[in-house]
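Below is one structure, written out as structure tokens; comments come after it.
Below, all heavy atoms of this structure are taken into account, side chains as well, without hydrogens, waters or symmetry copies. Residue numbers begin at 1 in each chain, while the letters A, B, ... track the order of the sequences.
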2 protein chains.
Amino acid sequence: MQSRTPPARTGRPRSAAADAAILAATRDALVEIGWSRMSLGDVAQRAGVAKTTLYRRWAGKNELVVDAVAELFDELVLPDGDSLAADVVGVVLQFGELLQRPETRTALMAVVAESTSDPALRLRIRTAIVDRQKRLVLQGRARAQRRGELPYETEPAVAEQHADLIFDVIAGTVVHRALVSDGPVDEAWAKALAGLLIAGLPAAMG
Amino acid sequence: MQSRTPPARTGRPRSAAADAAILAATRDALVEIGWSRMSLGDVAQRAGVAKTTLYRRWAGKNELVVDAVAELFDELVLPDGDSLAADVVGVVLQFGELLQRPETRTALMAVVAESTSDPALRLRIRTAIVDRQKRLVLQGRARAQRRGELPYETEPAVAEQHADLIFDVIAGTVVHRALVSDGPVDEAWAKALAGLLIAGLPAAMG
DNA sequence: ACAGTTACGCTACGACCCGTAGCGAAAGCT
DNA sequence: AGCTTTCGCTACGGGTCGTAGCGTAACTGT
């Protein structure tokens, strides 16, 4: 996921500290000066690293930012809820908090925007960030099925389609709420969303 | 929504043709070379207009692109369905087609990304693009309520919260599906989404 | 200890884009 | 006519880009 690490058996090894410093400096720079105005020279200076070092490890701004933000998403976990609704609310709140952090929102949207005209980058985002979080949906569904809240799918293909749809709904809705509509992702809102998903529209409005 | 038009009563009027040419050139340039590599000099040249003219009308790249893409969203209409599910499917398909066009996806995500560190731009996006499309949700709900598919809300505040939630769910989910998961927004997927929204998760999986 | 290999910091470079200023000409109004 | 505003054009200083070249630092093998 980070820079290529083909076992360089001989010679001076790459500084792991430099890697961490660069990624941290990238997040800081994104917060303070935004995506479009952030220059790689800035990042290098903040990280206490030569600009050339940065170009030796990453191909460009996009790849660097993807790596810088990817690890932020790994902190998401499925909380220990006692019902499907509680699990959904927990994940939604966590994701909402993550998107509240300036480095996350700026970086995530910036790389997604770039990926609309760069298929390789889009694939990199999916593998490094998005697909890794589908585990949350799979875990939540498995728990709900054990509780009897959801039926077991018989066709594996159908089961995968369901998981993909749920993932798009939850992730997309939270992103839209937090970044476009600019409304709070608080417990009341999360409960409303969970209620809609589980009980359906007529019940949620009743 | 476009450049300020304080009634310049005297003097040479601004060319409306130039406005249209600039906005069209902006969309073309976005498609061909992407957001980050698109320069305003390019746009001016494509539009057959001097670069200075462009800067006289728009403050910068962000504002220009917002205007260039805003009008694309006004073509969305609520189709004449005979049920709530049909209406949802119709809107989802239209929105999906809109996001399939390269200029829409690139421009929309680019300005949303920039807006994460620019509150004024975020407000401009909401007023020029997003909020105008909530009409679709309001129309669809009103129809469903007349059909008896949905209950009438008594509290206006609750009614607005419902509409905002539905809007975030539909718009966010379609955007996530089209631009992040990179899957097709076809009739089968739209029906699955509509079924989930209306009947709820357990029923949609049954 | 020593040679070999790779990463590092530093400097410098041409190329490009930015946003603005100044000019003369064009296009409308009274 | 005279006035006013916009237009196209040119030019400018300032910044970023991505790369090349150099000497030095760090680690590995014999």
Check your understanding: If you count the non-hydrogen atoms of other residues, nucleotides and ligands that lie under 6.0 Å from NZ in B:K134, is the total more than 12?
Key -> yes
Practice item. Using only heavy-atom distances, decide whether a donor-acceptor pair under 3.5 angstrom links the side-chain of A:K51 to the base of C:dG9. Key: no
Check your understanding: Within this structure, what is the CG-to-P distance between A:N62 and D:dG18, rounded to whole angstrom?
Key -> 10 Å
Check your understanding: How many Å lie between CD on A:E63 and C1' on D:dG18, as a whole number?
Key -> 14 Å
Check your understanding: Which residue lies toward the 5' end of DNA chain D, A:T52 or A:M38, if each is placed at its nearest nucleotide?
Key -> A:M38
Review point. Within the modelled atom types, does a donor on one side and an acceptor on the other bring the side chain of B:S39 and the base of C:dC18 under 3.5 Å apart?
Key: no
Practice item. Report the distance from atom CG of A:L201 to atom CG of B:L165, rounding to the nearest 0.5 Å. Key: 8.5 Å
Point to revise | Nucleotide of D:dA26, C:dG28, D:dG8 approaching B:T53 most closely (side-chain heavy atoms) | key: D:dG8
Check your understanding: Rounded to the nearest Å, what distance is computed from the CG atom of residue A:L40 to the P atom of nucleotide D:dT19?
Key -> 11 Å
Practice item. Decide yes or no, distance alone: a donor-acceptor N/O pair under 3.5 angstrom between the base of D:dG8 and the side-chain of B:R56. Key: yes
Point to revise | Short side-chain N/O contact from A:T10 to OP1 or OP2 of D:dG29, under 4.0 Å | key: no
**Study point:** d(OH, A:Y55; P, C:dG9) in whole Å
**Key:** 15 Å
Review point. Only one of A:V112, A:D74, A:V69, A:L72 clears side-chain contact (heavy atoms from CB on, under 4.5 Å) with A:I129; which?
Key: A:V69
**Study point:** side-chain hydrogen bond (donor to acceptor under 3.5 Å, both in side chains), paired with B:S181, selected from A:D131, A:D168, A:D164
**Key:** A:D168
Review point. What integer distance in Å separates B:K61:NZ from D:dT16:C1'?
Key: 13 Å
**Study point:** Heavy-atom neighbours of B:Q139 CD exceed 12 at 6.0 Å
**Key:** yes
**Study point:** Polar side-chain contact B:R12-D:dT5 base: donor and acceptor under 3.5 Å
**Key:** no
Point to revise | Rounded distance (Å) that lies between atom P of D:dG15 and atom CG of A:D42 | key: 12 Å
Practice item. For B:R14 and C:dC29, give me the distance from atom CZ to atom P, rounded to whole Å. Key: 16 Å
Review point. Whole Å only: how far is the CD atom of B:Q45 from the P atom of C:dC16?
Key: 13 Å
